[in-house]
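One structure is given below, encoded as structure tokens.
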Amino acid sequence: EVQLVESGGGLVQAGGSLRLSCVASGFTFDDYAISWFRQAPGKVREGIACIDKSSGKTVASDSVRGRVTISSDNAKNTVYLQMNSLKPEDEAVYSCAAGRNPRCSGDSYYPWEYDYWGQGTQVTVSS
């Protein structure tokens, strides 16, 4: 069974940090790029970071660049999203997604390029 399971969300004060985890199982982790998406109530789902594990390339969108780091521990089939200097506008449900060949580039994320999705983890930022 294919699974992507996110964890690490929670309530944090503005300016604080969180590290989200995405644990993959049921497919060949090394063959897939992983991206993080987020969706706030009433807003469109937004891709914010991508890691192409075959090349080591990582990218982040303008909205979070400089505040987030995406990384991978291939031995643990896990991708992390370290988020610093959190703002109230970062509040959303964060999900990871795996695709064999998505366009892992800056601000361009296309949900139809991803094969597997996690259920999401809530991040709440208090001001």
Side-chain angles (χ1 to χ4, degrees):
E1 179 188 8
V2 171
Q3 281 192 312
L4 289 172
V5 180
E6 303 95 337
S7 62
L11 173 64
V12 62
Q13 286 189 328
S17 298
L18 282 174
R19 188 177 79 156
L20 306 184
S21 299
C22 169
V23 180
S25 60
F27 62 97
T28 306
F29 184 71
D30 291 352
D31 290 345
Y32 286 75
I34 304 289
S35 288
W36 283 95
F37 290 79
R38 67 183 182 183
Q39 188 166 23
K43 294 193 176 180
V44 175
R45 181 167 50 190
E46 174 191 18
I48 60 170
C50 179
I51 182 165
D52 181 337
K53 292 179 273 79
S54 61
S55 67
K57 174 184 175 183
T58 63
V59 294
S61 67
D62 281 344
S63 61
V64 299
R65 193 171 298 136
R67 299 190 296 119
V68 306
T69 302
I70 186 170
S71 62
S72 176
D73 184 338
N74 291 350
K76 295 182 178 180
N77 281 11
T78 300
V79 170
Y80 302 99
L81 186 71
Q82 176 68 44
M83 302 191 296
N84 301 322
S85 302
L86 283 162
K87 306 175 182 180
E89 52 263 43
D90 293 319
E91 184 166 310
V93 175
Y94 285 71
S95 302
C96 59
R100 290 192 69 99
N101 193 30
R103 275 163 279 190
C104 193
S105 57
D107 291 288
S108 298
Y109 298 83
Y110 302 93
W112 58 86
E113 294 182 336
Y114 294 84
D115 301 301
Y116 309 122
W117 292 81
Q119 81 291 347
T121 186
Q122 175 71 45
V123 171
T124 302
V125 183
S126 63
S127 56

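Note that the numbering runs from 1 along the sequence shown for the chain. Both backbone and side-chain heavy atoms feed into the values below; hydrogens, waters and symmetry mates do not.
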Between D30 and T28, is any side-chain donor less than 3.5 angstrom from a side-chain acceptor?
-> no
Check for me, please, whether [X] and [Y] land in the same ILVMFWY cluster - side-chain distances under 4.5 Å, paths through other members count.
{"X": "L86", "Y": "F37", "result": "no"}
{"X": "Y80", "Y": "V68", "result": "no"}
{"X": "V23", "Y": "W36", "result": "no"}
{"X": "L4", "Y": "F29", "result": "no"}

Could you walk me through whether R100 and D31 pass the side chain to side chain contact (heavy atoms under 4.5 Å, CB included) test, one step at a time?
-> CA-CA 6 Å; R100 290 192 69 99; D31 290 345; 4.1 Å; yes
Does the pair I48 and L81 meet the rule for a side chain to side chain contact (heavy atoms under 4.5 Å, CB included), with working shown?
-> CA-CA 10 Å; I48 60 170; L81 186 71; 3.8 Å; yes
Quick check: closest heavy atoms across [X] and [Y], and the distance to 0.1 Å?
{"X": "A24", "Y": "F27", "result": "CB-CZ, 3.6 Å"}
{"X": "Q82", "Y": "S17", "result": "NE2-CB, 3.9 Å"}
{"X": "Y109", "Y": "P111", "result": "O-CD, 3.7 Å"}
{"X": "I34", "Y": "A98", "result": "CD1-CB, 3.5 Å"}
{"X": "G120", "Y": "S95", "result": "CA-OG, 3.5 Å"}

Answer whether the closest heavy-atom distance between the side chains of [X] and [Y] falls below 4.5 Å.
{"X": "V64", "Y": "M83", "answer": "no"}
{"X": "V123", "Y": "R38", "answer": "no"}
{"X": "S25", "Y": "N77", "answer": "no"}
{"X": "V59", "Y": "C104", "answer": "yes"}

Output yes when a side-chain donor or acceptor of [X] lies under 3.5 Å from a complementary backbone atom of [Y], and no otherwise.
{"X": "E6", "Y": "L20", "answer": "no"}
{"X": "K53", "Y": "S72", "answer": "no"}
{"X": "E91", "Y": "V125", "answer": "yes"}

Roughly how far, to the nearest 0.5 Å, is the NZ atom of K57 from the SG atom of C50?
-> 7.5 Å
In Å, rounded to the nearest 0.5 Å, how long is the span from OG of S63 to CD of E46?
->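 Going from the OG atom of S63 to the CD atom of E46 covers 4.0 Å.
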Step-by-step side-chain hydrogen bond (donor to acceptor under 3.5 Å, both in side chains) determination, Y114 to S35 | CA-CA 9 Å; Y114 294 84; S35 288; 2.7 Å; yes
Criterion side chain to side chain contact (heavy atoms under 4.5 Å, CB included) on S7 and T121, from CA distance to verdict = CA-CA 6 Å; S7 62; T121 186; 5.6 Å; no
Candidate pair Y32 and V79, rule side chain to side chain contact (heavy atoms under 4.5 Å, CB included), full reasoning | CA-CA 11 Å; Y32 286 75; V79 170; over 6 Å; no
Short N-O contact, D62 and R65, less than 4.0 angstrom | yes
